[in-house]
A.B. asks: 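Below: one structure in structure tokens.
Please read all numbers here as calculations on a predicted model, not as lab measurements.
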Amino acid sequence: MLKIKDIEEYIEDSMLDTIFNEREDEVYRKTQKDNERISKITEKYSIDYDRLISIIKALPPHFKNTRETIIKALEEYLMRENLIMAYENEKFYKTRIL
């Protein structure tokens with residue numbers, strides 16, 4: 001039986017990247033069912049970025065440096081989490097293709 005590791009050197013990464021990017025576009029299109037499920041989640045967990053920023057900005061004026069530090073840390077955290085999620089999605093998809 002042929003195994004993936006036996007043919008890995010023959011698999012062209014750019015082709016796999018192209019396939020992943022095309023599939024990613026298809027996967028990220030939201031359906032009505034997706035919108036309904038997401039709506040239920042956001043109702044249950046109503047906090048969002050704008051609300052967090054409003055809460056942070058509502059801190060008393062003498063916390064100006066603290067506000068800026070919290071906002072910067074929050075933005076970096078969100079960027080990190082998004083990049084990790086994107087990497088894991090790509091890895092999962094590419095592994096399933098092979």
A.B. asks: Just how far is it from atom CZ of R67 to atom NE2 of H62, taken to the nearest 0.5 Å?
C.D. replies: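 So the gap between those two atoms works out to 9.5 Å.
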
A.B. asks: Do any N or O atoms from the side chain of S39 and from the backbone of N35 form a donor-acceptor pair under 3.5 angstrom?
C.D. replies: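 Pair absent, no side-chain N/O of S39 close to backbone of N35.
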
A.B. asks: The criterion is side-chain contact (heavy atoms from CB on, under 4.5 Å); which residues satisfy it with K72, sequence neighbours excluded?
C.D. replies: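 side-chain contact (heavy atoms from CB on, under 4.5 Å) list for K72, sorted by chain: E76.
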
A.B. asks: Taking side-chain hydrogen bond (donor to acceptor under 3.5 Å, both in side chains) as the test, write out the residues that go with E36, two or more places apart.
C.D. replies: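 Scan of E36 (side-chain hydrogen bond (donor to acceptor under 3.5 Å, both in side chains), adjacent residues dropped) gives Q32.
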
A.B. asks: Using a 4.5 Å cut-off between side-chain heavy atoms of Ile, Leu, Val, Met, Phe, Trp and Tyr, which other residues end up in the same hydrophobic cluster as L83?
C.D. replies: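 Under the 4.5 Å side-chain rule, L83 groups with M79.
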
A.B. asks: In the hydrophobic clustering that connects Ile, Leu, Val, Met, Phe, Trp and Tyr at side-chain heavy-atom distances below 4.5 Å, which members other than Y77 occupy its cluster, ordered by chain and number?
C.D. replies: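 ILVMFWY cluster around Y77 also holds I47, Y49, L52, I53, I55, I56, L59, F63, I70, I71, L74, L78.
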
A.B. asks: Using side-chain contact (heavy atoms from CB on, under 4.5 Å) as the criterion, list what pairs up with Y45, not counting sequence neighbours.
C.D. replies: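 Once residues adjacent in sequence are excluded, the partners of Y45 under the side-chain contact (heavy atoms from CB on, under 4.5 Å) criterion are I41.
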
A.B. asks: Could you note down all residue pairs passing salt bridge (charged side-chain N to carboxylate O under 4.0 Å, His left out) where residues 41-64 supplies at least one of them, sequence neighbours left out?
C.D. replies: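 Pairs touching residues 41-64 that pass the test: K64-E68.
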
